[in-house]
Amino acid sequence: MTDIDSINLDKLRNIVQKFSHRDFTAAQIADDYWDGASEQIGASGAQFEAVLQRNAALLGIQAVGNDQPARWHVAA
């Protein structure tokens, strides 16, 4: 399982910016963060969701609707 405190927020911010014109999920962010390594992605989806929620203002993102899993977009 991934330690969410070890997730690099600068790397995460760069990944989030790639989605500037469309919604994304924590799973999509995890996929990009781990370069498609399925064993890491599957084990870290919930952790990435927690990181996105905890750092939404810092990352410049906001949740879209009340869906679960949450959909996110870059705040305008």
Engineer: Just how far is it from atom OG1 of Thr25 to atom CD of Glu49, taken to the nearest 0.5 Å?
Structural biologist: 8.0 Å
Engineer: For the CD1 atom of Ile29 and the CD1 atom of Ile61, what is their distance to the nearest 0.5 Å?
Structural biologist: 7.5 Å
Engineer: Okay, side chain of Asn55, backbone of Val51: is any donor-acceptor separation there less than 3.5 Å?
Structural biologist: yes
Engineer: Write down the atom of Asn8, the atom of Lys11, and the distance for their closest heavy-atom approach.
Structural biologist: OD1-N, 2.9 Å
Engineer: For Asn66, check side-chain hydrogen bond (donor to acceptor under 3.5 Å, both in side chains) against everything at least two apart and list the hits.
Structural biologist: none
Engineer: With Arg71, which residues qualify under salt bridge (Lys or Arg N to Asp or Glu O under 4.0 Å), at least two apart?
Structural biologist: none
Engineer: Quick one: list whatever passes side-chain contact (heavy atoms from CB on, under 4.5 Å) with Gln17, sequence neighbours left out.
Structural biologist: Val74
Engineer: Looking only at non-hydrogen atoms, find the nearest pair between Phe24 and His73 and report the distance.
Structural biologist: CE2-CA, 3.8 Å
Engineer: Who are the side-chain contact (heavy atoms from CB on, under 4.5 Å) partners of Ala63, not counting sequence neighbours?
Structural biologist: Trp72
Engineer: May I ask you to decide if Ala50's main-chain N or O and Gln53's side chain share a donor-acceptor pair within less than 3.5 Å?
Structural biologist: no
Engineer: Applying the 4.5 Å side-chain criterion to the ILVMFWY set and letting contacts propagate, would Leu9 and Val16 be lumped into a single cluster?
Structural biologist: yes
Engineer: Sorted by first residue and then second, give each salt bridge (charged side-chain N to carboxylate O under 4.0 Å, His left out) pair with at least one member in residues 15-28; sequence neighbours left out.
Structural biologist: Lys18-Asp32
Engineer: Tell me the closest heavy-atom pair linking Phe48 and Ala30, and the distance in Å.
Structural biologist: CD1-CB, 3.8 Å
